[in-house]
Trainee: 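Here it is, the structure, as structure tokens.
Atoms within a ligand are numbered from 1 in the order they appear, just like the ligands themselves.
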Amino acid sequence: MTDKNAELFERAQRVIPGGVNSPVRAFRAVGGTPRFIQRAQGPYIFDAEGKRYIDYIGSWGPMILGHGHPAVLEAVQKAALEGFSFGAPTEREIELAEEIISLVPSVEQVRLVSSGTEAAMSAIRLARGATGRPMLIKFEGCYHGHADALLVKGGSGMATFGHPTSAGVPPEVVQHTLVLEYNNLEQLEEAFALHGDQLACVMIEPIAGNMNFVRAQVPFVKRLRELCTEHGALLAFDEVMTGFRVALGGAQSLYGQLIPGFQPDISVFGKVIGGGMPLAAFGASRAVMSLLAPLGPVYQAGTLSGNPVATACGLATLREIRKPGFFEALSARTGELVQGLQGAAQKAGVPMVFDHQGGMFGFFFANELPQHYNAVLATDKERFNRFFHAMLDRGVYLAPALYEAGFVSAAHTADDIAATVAAAGEALAEG
Ligand SMILES: Cc1ncc(COP(=O)(O)O)c(C=O)c1O
């Protein structure tokens with residue numbers, strides 16, 4: 001019997017490098033054959049064999065309402081009939097910008113782009129343009145898209161800059177990027193003491209979803225904010241994953257509740273604001289944003305930026321998630337999942353730790369939650385890989401790599417959660 005997924009993978013590899021258009025989809029980390037998805041509905045995706053999976057990837061974050069939400073479908077269908085792309089401004093772009101600004105008080109103006117990579121890259125150019133400084137700090141394990149200056153791993157000390165993590169990135173291009181350990185206050189202090197007057201910005205995933213799920217500790221964020229202010233560097237929150245996902249106002253609203261007056265200077269969004277369509281954004285105060293072309297000297301542009309079909313999709317999504325009770329229900333459902341999985345792990349006697357916020361969760365085969373990337377690397381990867389496949393066999397689609405967060409949508413029902421927990425019980429008992 002031939003498996004249609006294997007057949008498609010074979011065919012894909014002939015014409016697409018590795019058979020995929022984004023590396024993690026290839027299942028390299030966990031081994032095995034990627035599932036080719038034919039369609040999706042609600043909390044489910046269906047592969048080329050017609051097999052159904054409970055989807056905890058949600059297109060890596062955007063599908064917060066689940067797949068094929070009626071209000072979103074209607075908005076997209078209507079927009080598509082009106083025209084795919086005009087290369088001229090539309091009212092819908094204003095509406096989406098207004099919606100984002102109304103939910104995120106630190107953002108007074110926003111520019112729409114087509115991918116998170118583009119948004120993060122543009123935010124850094126803007127920070128450099130605003131400060132007239134070259135340097136940026138990022139943290140090991142945080143991913144901000146694949147722009148050259150961000151594909152960096154740490155150097156050997158605070159005075160040495162990073163090394164490219166990808167071929168094709170000349171060392172000179174990353175010579176201004178300093179990579180620090182996440183949640184390491186000492187390194188942060190030292191970096192600012194050495195380079196504070198050269199720093200344009202610090203970019204951080206406030207809850208890192210690209211090393212599974214690791215929160216920036218509150219004292220760390222508080223001190224980071226103080227240091228940026230003291231040294232005139234801009235604090236850039238990359239909320240491509242956390243924005244409109246961990247809370248309606250993003251991770252910054254959560255830190256704002258814990259650190260009086262807290263706000264980042266620049267915010268980067270993606271995923272949920274496009275509802276599954278190619279759409280992302282970056283925003284800041286009016287003073288900073290007015291440095292962008294056509295008003296100011298920082299150039300940034302895009303043929304498909306603010307695409308009318310994508311903005312319709314994003315707008316319909318945001319209007320659903322801002323309805324009263326949405327986040328309470330989503331958070332409760334995610335909590336149910338995590339508590340169920342925790343119970344299954346305890347019953348099986350398997351050391352596992354969990355964290356979750358809003359509609360985002362993570363888990364590790366470890367005794368305590370990692371605080372930085374090296375600690376994530378030290379968790380049990382083999383066990384994760386076995387668990388992933390055992391769950392996939394049972395119709396539960398988790399992220400195919402230990403380094404990724406999971407996502408719950410509003411379409412996941414209590415029955416879906418119960419089925420997932422039951423599958424986990426069996427999978428963990430298998431070893
Ligand atoms: C936090 C974060 N920033 C930026 C990006 C890049 O976004 P995109 O894949 O849309 O280019 C991602 C993608 O996963 C992300 O998680």
Side-chain angles (χ1 to χ4, degrees), residues 20-26 29 56-64 104 111-127 136-152 165-166 177 179 182 201-216 221 235-247 250-252 254-255 264 266-283 300 302 304-307 310-311 313-314 317 357-362 373 376 398-407:
V20 292
N21 283 313
S22 197
V24 71
R25 298 179 197 172
Y56 289 106
I57 300 186
S59 184
W60 302 94
M63 309 312 299
I64 194 164
V104 187
R111 176 143 294 168
L112 304 180
V113 295
S114 301
S115 72
T117 293
E118 204 187 338
M121 178 186 89
S122 306
I124 283 165
R125 184 177 306 147
L126 178 59
L136 65 104
I137 286 178
K138 78 174 282 287
F139 298 93
E140 195 103 47
C142 289
Y143 176 66
H144 308 292
H146 62 92
D148 282 357
L150 292 163
L151 292 181
V152 198
T165 51
S166 165
T177 310
V179 183
Y182 201 71
C201 84
V202 179
M203 183 168 273
I204 187 167
E205 278 185 78
I207 297 174
N210 287 287
M211 47 175 160
N212 199 317
F213 185 111
V214 182
R215 285 171 199 269
V221 174
L235 175 57
F237 258 33
D238 180 347
E239 298 230 41
V240 167
M241 201 178 269
T242 54
F244 314 97
R245 165 59 77 176
V246 297
Q252 57 191 269
L254 300 172
Y255 287 97
I266 302 184
S267 299
V268 184
F269 301 110
K271 299 190 190 273
V272 168
I273 61 164
M277 291 258 181
L279 201 153
F282 60 103
Q300 187 280 329
L304 296 177
S305 291
N307 174 272
T311 45
C313 188
T317 302
Q357 189 74 51
M360 181 169 162
F361 68 93
Y373 187 58
V376 171
L398 297 168
L402 151 70
Y403 311 103
E404 311 290 345
F407 301 100

Trainee: Return the orientation label for the Tyr373 and Tyr403 ring planes: parallel under 30°, perpendicular over 60°, tilted otherwise.
Mentor: tilted
Trainee: With heavy atoms of Gly116 as the reference, note each atom of ligand 1 found under 4.0 Å away.
Mentor: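 Listed by number with element, the hits are 6 (C), 7 (O), 8 (P), 10 (O), 11 (O).
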Trainee: Between Arg125 and Gln300, is a side-chain hydrogen bond (donor to acceptor under 3.5 Å, both in side chains) present by the stated rule, with each step listed?
Mentor: CA-CA 9 Å; Arg125 184 177 306 147; Gln300 187 280 329; over 6 Å; no
Trainee: Going by the atom numbers of ligand 1, which of them fall below 4.0 Å from some non-hydrogen atom of Met241?
Mentor: 16 (O)
Trainee: Among all protein non-hydrogen atoms, which one is nearest to atom 3 (N) of ligand 1, and what is the separation to 0.1 Å?
Mentor: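 Checking every protein heavy atom, the shortest distance to atom 3 (N) of ligand 1 gives Asp238 OD2, 2.7 Å.
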Trainee: Show the atoms of ligand 1 that are less than 4.0 angstrom away from any heavy atom in Asn210.
Mentor: 1 (C), 2 (C), 15 (C), 16 (O)
Trainee: Closer than 4.0 Å to some heavy atom of Ser115 - which atoms of ligand 1 meet that?
Mentor: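 In order of numbering, the contacting atoms are 10 (O), 11 (O).
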Trainee: What part of Val268 sits under 4.0 Å from ligand 1 if we count only heavy atoms: the side chain, the backbone, both or neither?
Mentor: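 Answer for Val268: neither.
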Trainee: If the cut-off is 4.0 Å to any non-hydrogen atom of Gly145, which atoms of ligand 1 fall inside it?
Mentor: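 It comes down to these atoms of ligand 1: 4 (C), 5 (C), 6 (C).
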Trainee: With heavy-atom distances below 4.0 Å as the criterion, list the atoms of ligand 1 near Glu205.
Mentor: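 Listed by number with element, the hits are 1 (C).
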Trainee: Determine the minimum heavy-atom distance between Val221 and Ala216, stating which atoms define it.
Mentor: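 Smallest heavy-atom distance, with atoms named: CG2-CB, 3.6 Å.
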Trainee: Within a strict 4.5 Å, meaning less than it, do heavy atoms of the Asn212 and Leu402 side chains meet?
Mentor: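 Asn212 reaches Leu402 side chain to side chain.
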Trainee: Do Ile124 and Met203 have side chains that approach each other closer than 4.5 Å (heavy atoms only, starting at C-beta)?
Mentor: yes
Trainee: Do Glu239 and Arg245 have side chains that approach each other closer than 4.5 Å (heavy atoms only, starting at C-beta)?
Mentor: no
Trainee: So is Tyr143 polar-close to ligand 1, meaning N/O to N/O under 3.5 Å?
Mentor: yes
Trainee: I'd like to know whether ligand 1 has Lys271 as a neighbour, heavy-atom separation below 4.0 Å.
Mentor: yes
Trainee: Where does the angle between the aromatic ring planes of Phe237 and Tyr255 fall among parallel (under 30°), tilted (30 to 60°) and perpendicular (over 60°)?
Mentor: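 It falls in the perpendicular class, over 60°.
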Trainee: Answer whether the closest heavy-atom distance between the side chains of Gln357 and Phe213 falls below 4.5 Å.
Mentor: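 They are in side-chain contact.
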Trainee: Nearest protein heavy atom to atom 9 (O) of ligand 1, by residue and atom, and its distance?
Mentor: Thr117 OG1, 4.5 Å
Trainee: Considering only protein heavy atoms, determine whether one is less than 4.0 Å from atom 7 (O) of ligand 1.
Mentor: yes
